[in-house]
Number of protein chains: 2
Amino acid sequence: MAQKVTITDVARHAKVSRQTVSNVLNTPGLVREDTRRRVLEAVETLGYRASQAARQMRTGRSRLIATRIEPTRDDIDGTVYDRFLHGLTESAAEAGYRVLLYTADDDQSEIATIDDLLAAYEPDAFVLTDTHHGDVRTSWLAGRRLPFVTFGRPWGMPEGPSHPWVDVDGAAGTAAATRHLLDAGHRRIGFIGWPPGSGVGDDRRAGWARTLAAAGVDPAGLDRASDGGVAAGEALARDLLDADRPATALLCVSDSLALGALHAARSPGAGGRANGGAGMPIAVIGFDDTSAARAMGLTSLSQPLAEAAACCVALLARALDGAGVIGEANGGAFDEARSGAGLGAHGPVATPVGTETSRSPGSTMAPTAPGGPPAQVLLQPSLVVRRSA
Amino acid sequence: MAQKVTITDVARHAKVSRQTVSNVLNTPGLVREDTRRRVLEAVETLGYRASQAARQMRTGRSRLIATRIEPTRDDIDGTVYDRFLHGLTESAAEAGYRVLLYTADDDQSEIATIDDLLAAYEPDAFVLTDTHHGDVRTSWLAGRRLPFVTFGRPWGMPEGPSHPWVDVDGAAGTAAATRHLLDAGHRRIGFIGWPPGSGVGDDRRAGWARTLAAAGVDPAGLDRASDGGVAAGEALARDLLDADRPATALLCVSDSLALGALHAARSPGAGGRANGGAGMPIAVIGFDDTSAARAMGLTSLSQPLAEAAACCVALLARALDGAGVIGEANGGAFDEARSGAGLGAHGPVATPVGTETSRSPGSTMAPTAPGGPPAQVLLQPSLVVRRSA
DNA sequence: GTGAAAGCGCTAACAG
DNA sequence: CTGTTAGCGCTTTCAC
């Protein structure tokens with residue numbers, strides 16, 4: 001095994017004191033140029049890298065970001081999180097952090113695990129996913145003033161200052177999809193969603209409803225819901241296609257439901273009634289752009305997951321490297337955090353959230369006023385058009 | 001934030017010295033019963049948990065297992081790894097370890113990242129996935145005597161002692177699938193695989209070929225290959241179905257190819273030649289039992305991924321908690337490692353690999369003779385039968 | 001059995 | 001600008 005190289009070895013090699021080495025690494029401005037170079041050279045030669053454990057003991061910072069890995073749902077939709085996780089790992093690495101994984105079955109056990117983790121590994125921050133109504137995790141973390149971001153809005157929370165979050169604008173996505181269908185000549189556009197009560201599901205339904213309303217189409221009888229998978233999607237699709245005034249297009253809240261709907265739409269006889277036997281085929285659009293959608297030629301709404309992950313890291317880096325304490329003033333750290341997470345090159349695809357203080361047109365995020373609410377980021381999904389619509 | 005509770009606080013609370021607390025936690029046998037209880041009570045009351053950083057500095061062990069998260073391939077097949085990762089996180093937690101994530105684009109950059117990680121976070125072990133011919137990662141790790149396991153055999157390595165690994169017996173899987181098709185009356189069973197040269201692909205092809213040979217069926221003209229996705233699968237399937245002597249069943253090396261094949265098989269006209277117009281439908285079987293397979297009613301071979309992950313952790317725990325130094329004698333640690341990883345309850349589904357020393361019938365793994373080669377585990381996939389076959 | 005002392009590698013504070 | 005000192009929380013000798 002490669003022998004451990006300590007700061008003392010570097011100091012000896014560079015003929016300076018241990019402290020000078022530490023200064024070169026942590027406070028470069030404090031050291032004379034030629035000393036700095038000599039030390040850096042020694043670091044290079046010896047392959048020195050600071051021990052996190054020792055550094056953590058001294059500074060109290062672990063450079064670890066903890067997040068939960070979900071029990072892979074049998075569902076097709078479960079793959080979305082995995083792509084987010086990959087992006088998170090990459091962005092975190094770019095910002096000098098590592099991702100620590102844990103599992104938990106419910107909110108309570110997740111809190112317990114976080115508590116454990118905090119005592120043992122002291123992660124600097126947490127990334128929470130799958131936010132929902134009555135989410136106790138966020139208030140627990142916020143109550144202890146622990147740095148965290150959620151991927152997902154704080155559904156059902158009272159308006160006003162909330163924790164930092166990143167989300168994808170589901171309503172905008174379904175609105176765009178609905179518009180796409182309207183443009184293609186469809187009027188009777190059905191929606192297959194999740195039962196009311198889920199933040200994400202309701203949001204996506206809203207985008208469809210409002211766009212239909214704006215086009216003067218009555219959504220009555222075009223709305224169906226289930227929390228099932230492919231089979232449920234197929235059943236609900238048949239129901240919509242066999243109705244008195246059948247739908248000619250189906251927009252679905254998830255790819256799994258959409259895949260079922262697609263099956264119904266493509267099965268012989270479907271659309272016969274709706275399109276007079278040989279008209280336009282039934283259009284189907286899903287949500288998440290999963291690999292299954294790609295494989296089946298299903299048009300779907302794609303979430304910018306890598307970017308969402310990068311935003312999460314940027315928000316965290318801002319709180320962590322910028323101000324230290326959460327909720328403190330951190331105006332200046334913004335740009336640094338943004339580029340630090342590797343967002344610089346890509347054009348901003350985000351829409352600033354409508355906060356009072358939000359008025360920087362080109363910005364990716366809603367900047368935080370000193371002492372004001374932390375930042376929120378709402379990203380836009382994009383429609384990937386395939387055979388199905 | 002919950003104030004940090006140190007061992008000193010516990011000592012004070014229990015009215016003993018700091019050292020006694022440490023003894024209770026690390027060497028319980030050394031402490032008198034009532035002292036032990038008083039200390040444990042204090043630990044409970046104060047919610048004390050040892051700081052990993054401090055412990056790591058003293059012991060040199062981080063209780064961290066590092067693994068790479070793959071850049072989610074656009075492919076349907078990419079989801080397999082995610083399920084493994086979830087299992088790994090769970091099993092690791094049960095054994096008292098946490099999973100640290102990293103990314104890398106190729107073997108070389110992975111080695112560089114591992115090197116970095118080693119210097120900074122000092123993970124106790126690595127889990128490598130996606131082993132392949134000429135894999136330089138394993139020799140690099142082995143050369144430094146670093147503890148690691150691979151999920152995947154050391155393809156193309158010279159026979160003899162190798163590093164510990166866990167794998168799923170692909171050939172046994174395709175053999176079982178082929179037998180299933182033979183039992184259903186099929187004779188002309190085509191295989192759609194990956195181009196020769198990939199360990200996994202060749203292995204899976206071999207299971208099909210040998211089973212066909214055993215049944216006296218000539219595989220000539222029934223073998224196709226591509227490293228493409230769904231579209232490639234569809235094309236190759238049509239080719240096999242349109243051949244002079246068409247196939248009546250299709251076994252595929254992956255679900256993505258199988259989904260394409262399924263599309264070809266279900267399209268009108270398919271099987272007309274093969275089955276005289278109205279015979280038995282074309283059977284299709286995939287590999288990996290992905291969510292897409294489930295959704296499309298595709299029969300597929302399911303890998304016991306959670307179990308594979310548990311075995312990886314068990315192997316590591318054996319090396320880490322058992323003998324300390326890799327390659328040392330570790331006979332007695334075996335059972336401990338096994339139950340420690342939570343394998344106890346589930347019945348063993350594994351087949352011991354044919355090592356000379358392997359002769360414990362009920363065992364999940366091939367035990368290691370002192371000083372002998374580390375353990376290898378070969379698990380069996382299971383056929384999940386759905387509409388497609 | 002229990003307590004005292006040393007030190008893992010690092011950095012924050014201060015002295016030179 | 002550079003070097004010295006101290007101590008983060010823990011475990012591992014070693015005395016008692």
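Please read these numbers as outputs of a predicted model, since none were measured by experiment. Proteins get letters first, then strands, A, B, ... in listed order; numbering begins at 1 in each.
Between Met57(B) atom CE and dC8(D) atom P there is a gap of 13 Å when expressed in whole angstrom units. Residue Ile7(A) contributes atom CD1, which lies 18 Å from atom P of dA6(D) at whole-angstrom precision. Regarding Arg12(A), its CZ atom lies at a distance of 15 Å from the P atom of dG3(D), rounded to whole Å. Summarising the geometry, the separation between CD on Glu122(B) and P on dC10(D) is reported as 18 Å, rounded to the nearest angstrom. In this structure, CZ of Arg63(B) is placed 12 Å from P of dT11(D), rounded to the nearest angstrom.
Among residues at least two apart or in separate chains, salt bridge (charged side-chain N to carboxylate O under 4.0 Å, His left out) pairs with a member in residues 11-20 of chain B are Asp9(B)-Arg12(B). Within the structure, side-chain hydrogen bond (donor to acceptor under 3.5 Å, both in side chains) pairs that include any residue of residues 19-31 of chain A comprise Ser17(A)-Thr20(A), Gln19(A)-Asn23(A), Ser22(A)-Asn26(A) (at least two apart or interchain).
In this view, Arg32(A) and Asp34(A) satisfy the salt bridge (Lys or Arg N to Asp or Glu O under 4.0 Å) rule, not counting sequence neighbours. Residues meeting the salt bridge (Lys or Arg N to Asp or Glu O under 4.0 Å) test with Arg49(B), sequence neighbours left out: Asp115(A), Asp116(A). With sequence neighbours left out, the side-chain contact (heavy atoms from CB on, under 4.5 Å) criterion links Ala50(B) to Tyr48(B), Arg55(B). Every side-chain contact (heavy atoms from CB on, under 4.5 Å) that Ala53(B) has, sequence neighbours left out, goes to Gln56(A), Met57(A), Ser51(B). Scored by the salt bridge (Lys or Arg N to Asp or Glu O under 4.0 Å) test, Glu110(B) finds Arg68(B), Arg137(B) as partners (sequence neighbours excluded).
For the segment residues 30-37 of chain B, the set of residues with a heavy atom within less than 4.0 Å of an atom of DNA chain C comprises Leu30(B), Val31(B), Arg32(B), Thr35(B), in numerical order. Listed by residue number, the members of residues 46-54 of chain B with any heavy atom below 4.0 angstrom from DNA chain C form an empty set.
Taking 4.0 Å as the cut-off between side-chain N and carboxylate O, Arg38(B) and Glu41(B) do not count as a salt-bridged pair. Between Arg61(B) and Glu122(B), no side-chain nitrogen of the basic residue sits less than 4.0 Å from a carboxylate oxygen of the acidic one, so the salt-bridge criterion is not met.
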### Task
Would you check, one step at a time, whether the test side-chain contact (heavy atoms from CB on, under 4.5 Å) holds for Val43(B) with Val5(B)?
CA-CA 9 Å; Val43(B) 166; Val5(B) 182; over 6 Å; no
### Query
What do the steps show when you test Val166(A) against Thr150(A) for side-chain contact (heavy atoms from CB on, under 4.5 Å), and what is the final call?
CA-CA 6 Å; Val166(A) 176; Thr150(A) 62; over 6 Å; no
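No side-chain N or O of Gln52(A) forms a donor-acceptor pair with one of Ser62(A) less than 3.5 Å apart.
Relative orientation of the Phe84(A) and Phe151(A) rings is parallel, given thresholds of 30° and 60° on the angle between their planes.
Annotation: side chain of Thr35(B) is not in contact with side chain of Val24(B) (no heavy-atom distance under 4.5 Å). Counting only heavy atoms from C-beta outward, the side chains of Thr67(B) and Phe126(B) never approach each other to under 4.5 Å.
With a heavy-atom cut-off of 4.0 Å to chain A, the contacted part of DNA chain C has its first and last nucleotide at dG9(C) to dA13(C).
Axis deviation across the helix from dG1(C)-dC16(D) to dC14(C)-dG3(D) amounts to 40°, comparing end segments of five pairs, rounded to 10 degrees.
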Got a list of protein N/O to nucleotides 12-16 of chain D N/O distances below 3.5 Å?
from: dT12(D); atom 1: O4'; to: Arg58(B); atom 2: NH2; distance (Å): 3.4
from: dT12(D); atom 1: O4; to: Gln19(B); atom 2: OE1; distance (Å): 2.6

